[in-house]
Amino acid sequence: MIQACSHLVIAAKDVECMRIFFEQLFEVAPYFSNSEFCEFVLPNQFRLAFFKPVGKAAQFFSNPKERSQVSYGVTVLNIEATYQKALALKLRVSGEPKDHPWGEKSFLVIDAEENRWEITQSPSKNGMLVNLHP
């Protein structure tokens with residue numbers, strides 16, 4: 001039985017560029033970073049890493065330009081402030097934050113490697129939705 005999602009590893013052509021994007025937009029410092037691997041440990045202990053597929057790892061990962069098949073969800077405390085920061089950083093955004101019937105607000109950001117980031121603000125204190133129908 002699954003306990004939790006603990007981490008996400010994203011292949012990147014330019015790890016430094018992705019580090020700067022994540023660090024600036026979400027105001028979080030990396031736990032570890034070099035030119036081939038960068039990992040962030042978020043306040044809820046979820047780990048997010050960017051890495052350049054080299055050596056044997058390159059056999060298992062591709063880094064296509066088109067990445068429209070997935071989006072990565074990040075919950076923030078203040079979606080309006082994050083939206084304004086994304087605009088100030090001249091990032092591509094889907095539009096102003098939108099209210100959803102399940103209680104969240106969200107907008108999309110596209111990073112330099114064409115990853116889609118769904119930025120949300122949740123109505124719960126811990127930033128996670130509560131499953132009302134277990």
Side-chain angles (χ1 to χ4, degrees):
M1 180 173 169
I2 190 169
Q3 182 178 10
C5 287
S6 61
H7 63 282
L8 174 65
V9 180
I10 302 170
K13 292 177 185 166
D14 187 339
V15 171
E16 179 70 7
C17 179
M18 295 306 297
R19 178 194 62 78
I20 291 168
F21 160 78
F22 204 81
E23 193 171 18
Q24 288 183 346
L25 183 58
F26 300 112
E27 299 177 347
V28 60
Y31 174 76
F32 174 85
S33 185
N34 65 25
S35 63
E36 294 182 356
F37 184 83
C38 177
E39 183 168 44
F40 294 88
V41 178
L42 305 182
N44 68 349
Q45 297 181 321
F46 186 84
R47 297 170 17 235
L48 186 137
F50 301 101
F51 85 109
K52 186 173 186 172
V54 296
K56 289 187 178 189
Q59 298 172 26
F60 298 97
F61 290 89
S62 65
N63 197 3
K65 178 70 173 160
E66 179 59 39
R67 299 209 179 179
S68 62
Q69 71 277 12
V70 68
S71 70
Y72 306 116
V74 177
T75 301
V76 297
L77 292 172
N78 185 329
I79 198 162
E80 297 298 335
T82 304
Y83 176 72
Q84 292 303 318
K85 181 171 284 255
L87 293 178
L89 293 169
K90 300 189 184 325
L91 298 173
R92 289 176 24 210
V93 298
S94 60
E96 293 183 15
K98 176 182 173 182
D99 289 307
H100 297 288
W102 53 89
E104 287 186 319
K105 276 182 106 163
S106 73
F107 71 98
L108 293 173
V109 171
I110 310 298
D111 68 30
E113 294 204 7
E114 300 296 316
N115 295 300
R116 278 116 179 104
W117 295 85
E118 183 180 16
I119 314 304
T120 65
Q121 182 174 329
S122 173
S124 70
K125 287 184 180 183
N126 69 358
M128 305 304 272
L129 283 179
V130 176
N131 185 357
L132 299 176
H133 309 287

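Throughout, numbering of the chain's residues begins at 1 and tracks the sequence.
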Across all chains, not counting sequence neighbours, the salt bridge (charged side-chain N to carboxylate O under 4.0 Å, His left out) partners of Lys52 are none
Name of the residue among Trp117, Phe40, Phe50 meeting ring pair (Phe, Tyr, Trp, His ring centres under 6.0 Å) with Phe21
Trp117
Going only through I, L, V, M, F, W and Y residues with side-chain contacts under 4.5 Å, is there a path from Val76 to Ile20?
no
Listed pairs under 3.5 Å, donor-acceptor, residues 86-102 side chains, sequence neighbours left out:
from, atom 1, to, atom 2, distance (Å)
Arg92, NH1, Glu114, OE2, 3.2
Ser94, OG, Leu108, N, 2.9
His100, NE2, Ser106, OG, 2.6
Trp102, NE1, Glu104, OE1, 3.1

List in chain and number order the residues that pass side-chain hydrogen bond (donor to acceptor under 3.5 Å, both in side chains) with Ser122, two or more places apart in sequence or in another chain; answer none if no residue qualifies.
Ser124
Residues in ring pair (Phe, Tyr, Trp, His ring centres under 6.0 Å) contact with Phe37, at least two apart in sequence or another chain
none
Determine the interplanar angle of the Phe107 and Tyr83 rings, folded into 0 to 90°, and report it as parallel if under 30°, tilted if 30 to 60°, perpendicular if over 60°.
perpendicular
Could you give all pairs that pass the salt bridge (Lys or Arg N to Asp or Glu O under 4.0 Å) test and reach residues 32-49, with sequence neighbours left out?
Glu39-Arg47
Examine Leu77 and Leu25 and state if one hydrophobic cluster contains both, with Ile, Leu, Val, Met, Phe, Trp and Tyr joined whenever side-chain heavy atoms are less than 4.5 Å apart.
no
Listed partners of Glu80 passing salt bridge (charged side-chain N to carboxylate O under 4.0 Å, His left out), at least two apart:
Lys105
Indicate yes or no: at least one non-hydrogen side-chain atom of Ile10 is less than 4.5 angstrom from one of Glu113.
no
Would you kindly confirm whether Val41 and Phe32 end up in one hydrophobic cluster when ILVMFWY residues are joined by side chain heavy atoms under 4.5 Å apart?
yes
Of all residues at least two apart in sequence or in a different chain, which pass the ring pair (Phe, Tyr, Trp, His ring centres under 6.0 Å) check with Phe26?
Phe22
Does CZ in Phe46 sit with more than 12 non-hydrogen atoms of other residues, nucleotides or ligands closer than 6.0 Å?
yes
Does Glu16 have any side-chain hydrogen bond (donor to acceptor under 3.5 Å, both in side chains) partners at least two apart in sequence or in another chain, and if so, which?
Arg19
N/O donor-acceptor pair under 3.5 Å between Glu23 side chain and Pro30 backbone:
no
